[in-house]
Amino acid sequence: MENSVVMVTGGAGFVGSHLVESLLNNGNKVYVFDVIPLEQARNLHEVRNHENLHYFVGDLRKQEDIEQFWQKDASVIFHLASVVGIRHYIADPLSLVDIVVIGTRHILTAAAKYNTKVVFSSTSEIYGKNPEVPWSEESDRVLGPTYVDRWSYATSKAVCEHMLYGMKKQCGLPFVIVRFFNVYGPRQNPDFVVSQSIYKAMRGEQPLLYDDGKTTRCFTFVEDIVRGLMLVAGSPEANGQAFNLGNSVEVNMRYVIETILEKTCSKSGYQEFNTGKEYGKQYEDIIRRIPKVEKAEERLGWRAEIQLEEGLLRTIDWVRENQWWLEQGESVKG
Ligand SMILES: NC(=O)c1ccc[n+]([C@@H]2O[C@H](COP(=O)([O-])OP(=O)(O)OC[C@H]3O[C@@H](n4cnc5c(N)ncnc54)[C@H](O)[C@@H]3O)[C@@H](O)[C@H]2O)c1
């Protein structure tokens, strides 16, 4: 993706800011839409004065904001803006549904009007608690009851995917769905398991070891994700398809926490955290979350290249050079 006009929603966020930087480095003219004003968008600090960065403050829930922002000559919109993080789904599932479902509907209406390709960031959560791992893009979605708020995120993202397939049928809208698996890396808000554990360890606090550390995940470094986003945007073969973007290496959380403690040279140890006791039925954690990665590999030539140990080191090195990140408040326990 080079020398094009591109739009990014959620460009002030974690993944979005890395994507924006990469797009700018490749000579693209980048139009960002986010609800956070640029002065407060710490993640875009390094590029905020870049001549090819154009920033628009707006709310996805307002169609008029999206209409004003839209660039008719853009080749693609990366739609990343969303509510992210389990505490939000539990605290306010209605806002989550509004922002993800209504917001995405607004984006798709504009995209259909101007025939702009949409790259939609979906999630591994979409497969819910399907015990048959690894999950291929065709795997079933196995979700819990609707009174358990944590499923509002997976359900909302799935509704967006349905809208995309529907739009393709109705008006031939070009799109690609990418389902991320546990992204981590520099600048991630310290609300998520890797970022929070690094944050705590580097402040001399104790990272939390959830439920004895038996849960496993496939952590994907943000740089791999950005490469995947650029690839799908430029690949005609990806059109109308969904792709898992995830690392195929499964690690348990005990290993992750111990590696973080070791690499940060922390002596604090960890604190046991029982999710059932703290969150009750609302939590419903997914024990194993593993992608099948063959589709992205065969059709796009994409594979996660940065393994956890290297990604952790790179994140920790970045934190050492960016003390502001350690000085921000941690907004959540657990
Ligand atoms: N980080 C992960 O591990 C992960 C995993 C799976 C999927 N995803 C998806 O990737 C995308 C990016 O995630 P992230 O980790 O960068 O999240 P993030 O929270 O860092 O970024 C999301 C951005 O969306 C913006 N936003 C929220 N509500 C908005 C609204 N109403 N109008 C306009 N902007 C709004 C926020 O201000 C923020 O800058 C999301 O769509 C998320 O669902 C992320």
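Predicted, not measured: the structure shown is a model, and the values here were computed from it. Indexing begins at 1, ligand by ligand and atom by atom, following the structure's order.
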Hey, does Tyr184 sit under 4.0 Å from ligand 1 if you only count heavy atoms?
->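 In this structure, Tyr184 fails to qualify as a contact of ligand 1 - no heavy atom is under 4.0 Å.
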
Determine whether any heavy atom of Asn189 lies closer than 4.0 Å to an atom of ligand 1.
->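 It does not, in that no heavy atom of Asn189 comes within the 4.0 Å cut-off of ligand 1.
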
Among all protein non-hydrogen atoms, which one is nearest to [atom], and what is the separation to 0.1 Å?
{"atom": "atom 15 (O) of ligand 1", "value": "Phe14 CD2, 3.7 Å"}
{"atom": "atom 12 (C) of ligand 1", "value": "Leu80 O, 3.6 Å"}
{"atom": "atom 22 (C) of ligand 1", "value": "Ser82 O, 3.7 Å"}
{"atom": "atom 23 (C) of ligand 1", "value": "Gly10 CA, 3.7 Å"}
{"atom": "atom 32 (N) of ligand 1", "value": "Leu60 N, 3.0 Å"}
{"atom": "atom 39 (O) of ligand 1", "value": "Asp34 OD2, 2.7 Å"}

Side-chain donor-acceptor contact under 3.5 Å, [X] with [Y]:
{"X": "Thr116", "Y": "Trp70", "result": "yes"}
{"X": "Gln196", "Y": "Asp191", "result": "no"}
{"X": "Gln241", "Y": "Lys295", "result": "yes"}
{"X": "Thr264", "Y": "Ser266", "result": "no"}
{"X": "Thr104", "Y": "His79", "result": "yes"}

Establish, yes or no, whether a centroid distance under 6.0 Å links the rings of Tyr31 and Tyr55.
-> no

Between ligand 1 and [X], is the shortest N or O to N or O distance under 3.5 Å?
{"X": "Phe33", "result": "no"}
{"X": "Gly13", "result": "yes"}
{"X": "Lys157", "result": "yes"}
{"X": "Ser121", "result": "yes"}

Give a yes or no on whether the backbone of [Y] and the side-chain of [X] come within a donor-acceptor separation of less than 3.5 Å.
{"X": "Thr9", "Y": "Leu80", "result": "yes"}
{"X": "Ser4", "Y": "Val6", "result": "no"}
{"X": "Glu137", "Y": "Asn244", "result": "yes"}

Is Ile66 linked to Ile102 within one hydrophobic cluster, defined over Ile, Leu, Val, Met, Phe, Trp and Tyr using a side-chain heavy-atom separation of less than 4.5 Å?
-> no

Mark up the atoms of ligand 1 that fall under 4.0 Å of a heavy atom belonging to [X], in ascending order.
{"X": "Ile99", "answer": "28 (N), 31 (N)"}
{"X": "Gly58", "answer": "32 (N), 33 (C)"}
{"X": "Ala81", "answer": "24 (O), 34 (N), 35 (C)"}
{"X": "Ser122", "answer": "6 (C), 7 (C)"}
{"X": "Val15", "answer": "16 (O)"}
{"X": "Val84", "answer": "13 (O), 17 (O), 19 (O), 40 (C), 42 (C), 43 (O)"}
{"X": "Asp59", "answer": "30 (C), 31 (N), 32 (N)"}
{"X": "Ala12", "answer": "39 (O)"}

Between Arg289 and Glu250, does a salt bridge (charged side-chain N to carboxylate O under 4.0 Å, His left out) hold up when you go through it step by step?
-> CA-CA 8 Å; Arg289 195 185 278 174; Glu250 181 183 18; over 6 Å; no

Compare Phe69, Phe180, Phe78 and give the one whose heavy atom is closest to atom 9 (C) of ligand 1.
-> Phe180

Pick from Val183, Val35, Ile66: the one approaching atom 2 (C) of ligand 1 most closely through a non-hydrogen atom | Val183

Glu310 with Arg314: basic N within carboxylate O range, under 4.0 Å | yes

For ligand 1, does Tyr153 get within less than 4.0 Å through its side chain, its backbone, both, or neither, judged by non-hydrogen atoms?
-> side chain

Please test Tyr270 against Arg254 for side-chain hydrogen bond (donor to acceptor under 3.5 Å, both in side chains), starting from the C-alpha separation and ending with a verdict.
-> CA-CA 10 Å; Tyr270 52 76; Arg254 181 174 289 279; 2.6 Å; yes

Tell me, with the steps shown, if Glu205 and Arg203 meet salt bridge (charged side-chain N to carboxylate O under 4.0 Å, His left out).
-> CA-CA 5 Å; Glu205 299 164 14; Arg203 287 166 58 99; 3.1 Å; yes

